[in-house]
Amino acid sequence: MLKKKFKNYNSKLREECGVFGISNFDDASALTALGLHALQHRGQEGCGIVSYDGNKYYSEKRHGLVGDNFNKEKVLKKLPGNFAIGHNRYSTTGGTTLRNIQPFFADTNAGGIGVAHNGNLTNALTIRKKLVEDGAIFYSTSDTEVIIQLIAKSKRLTTVEKITDAIFQIQGGYALVMLAQKKLIGVRDPLGIRPLVIGKKNKSYVLASETCALDIIGAKFLREVENGEIVIIENGQLRSIKPFPKKKSRPCVFEYIYFSRPDSILNGKTTYEFRKMFGEQLALEDDIKADLVVPVPDSGNAAAIGYSQKIKINFDLGLIRNHYVGRTFIEPAQKIRSLGVKLKLNANKSSIKDKKIILVDDSLVRGTTSHKIVSMLYDAGAKEIHVRIASPEIKYPDFYGVDMPTKSELLAANKSVNEICKYIGANSLKFLSIDGLYKAMGYEKRNNTYPQLTDHYFTGEYPIEIVDKLGEDKVAQLSLLSTGSNN
Ligand code: AMP
């Protein structure tokens, strides 16, 4: 296991995204638009679809939301064919250029290939530097383009062999959906850090980041793509190859805590069920007496329900959410983010006035949300506020595809629980214990030799080496980010 100092890591290239693909289905792009719409929570900065009609590829990419961009017949008409893949993009960069919006498409000597990628490669810049030294030209700053270049450069013969060759060279957390003519291909990283599921609609296979994207199109959930597995869907048949040495999976714990939609199924249960169990466990580890359990909507809803049911204290809505505002994190600047909390939530005075409140959220990162909400609830007349967080203290950043800031911005990396409590202005503060988290997920305890989950956020144990050291190794290709180019 690796414990490292990541002080210099530049957070600019990390992405959390949603991917979708369908083969052999009329109106494939319309179904892809629906699937992406269900996956909108995974990224709201840009979206794109690549389709294939048996002869030609088509591509449309847009800034903003799926519903605002792929809602019209005339756009979908530009994406004909029975094969399509799509992508929702989230990046932490201020300047999202159209060039970085996926899926990417390239012509290779094995034919055209479209690639949609969720995750983050930990050696992308190192590979990219070598490729640039060898004369490669990069169009975007995304690590996904590195994958395409490796596929294109591979000397192997078939597309699947080229893809296998490429993924042996990359490291990190990734889920890929690719379209190589009539082949729909899905790949999940060797530890299964990022999610990818297989569904079936009539006779057609579907690939998606989460099962909620299958539900929206009426597809049946078959199974998750396994860690290190490549699935190839062609002529209505699915075959699977597992080119990596066999390893146990280690999915990202944050998909369970926050990232996946509550109705999506991971590891046999909805994440709603998992989150409720985190709340129950949090209650078991607590002894506070209060009048009400109040969730931070919507991220804390499930945990707050679990907590209140376990401890038999009334659950009530102490905060009302404006649904026309995106996730707070979506504005990368700290100033705007703190404003975002106010835009999104307001205190429900009638239910909280003069009450002792247990305020439940799923996680605490920079503390912006809790800080604002606590003062909002006091201003609205709450008597006491006891903040309870349904995950352990986040002390370490992420490099595998979740937007988790640098160590200096992570509150728990720099302050004790008491200091955090003071900072957010609450009467008391408690986090779910790491053992409690594993217990709530049905494990007896955390297996310290080979942890069941990728949980570096709390433990600092990084299962995959972080090869790129951006601070020390500023690569010239990042110039694209600073040009302000918007095309
Ligand atoms: P903060 O306000 O910085 O403490 O962030 C905590 C809030 O952001 C919680 O309400 C979480 O639901 C949410 N959150 C946690 N992690 C993420 C993430 N990676 N991306 C977006 N939102 C997040």
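Numbering starts at 1 and runs along the sequence shown. Every number for a ligand or one of its atoms is a count from 1 in the order of the listing. The shown structure was predicted, so the numbers you read here are calculated from the model rather than taken from an experiment. Just the heavy atoms: all of them, side chains too, but no hydrogens, waters or symmetry mates, feed the values below.
Shown in contact with D362 at under 4.0 Å from a heavy atom are these atoms of ligand 1, numbered in order with element: 9 (C), 10 (O), 11 (C), 12 (O). If you number the atoms of ligand 1 from 1 as listed, the ones under 4.0 Å from a heavy atom of D403 come out as 18 (C), 19 (N). Near V402, meaning under 4.0 Å from one of its heavy atoms, ligand 1 places the atoms 19 (N).
Cation-pi check for K269 over F274 is met; the charged atom lies under 6.0 angstrom from the ring centroid and within 45 degrees of its normal. R194 forms no cation-pi arrangement with Y174, by the criterion of a distance under 6.0 Å to the ring centre and an angle within 45° of the ring axis. Relative to the six-membered ring of Y307, R388 misses at least one condition, a distance below 6.0 Å or an angle of at most 45° to the axis.
Across the listed options R366, E409, M404, R366 owns the non-hydrogen atom lying nearest to atom 3 (O) of ligand 1. Checking S299, G300, A390, G367 against atom 1 (P) of ligand 1, the nearest heavy atom belongs to G367. Nearest residue to atom 14 (N) of ligand 1 from F254, Y258, Y90 is Y258 (criterion: closest heavy atom).
With sequence neighbours left out, the side-chain contact (heavy atoms from CB on, under 4.5 Å) criterion links S391 to I257, S363, I389, F458.
Residue T369 touches ligand 1 through backbone and side chain together, judged by heavy-atom distances below 4.0 Å. Of the heavy atoms in T368, both backbone and side-chain atoms come closer than 4.0 Å to ligand 1. Using a 4.0 Å cut-off between heavy atoms, V365 contacts ligand 1 through both its backbone and its side chain.
Judged by the shortest distance from any of its heavy atoms, L364 lies inside the 4.0 Å radius around the atoms of ligand 1. At a 4.0 Å cut-off, not a single heavy atom of S370 sits close enough to ligand 1 to count as contact.
Residues I434 and R446 approach most closely at CG1-CD, 4.1 Å, considering heavy atoms.
At least one donor-acceptor pair under 3.5 Å links the side chain of S142 to the backbone N or O of T144.
Here Y396 and H456 keep their ring centres 6.0 angstrom or further from each other.
Salt bridge present: R366 and E409 bring a charged side-chain N and a carboxylate O closer than 4.0 Å.
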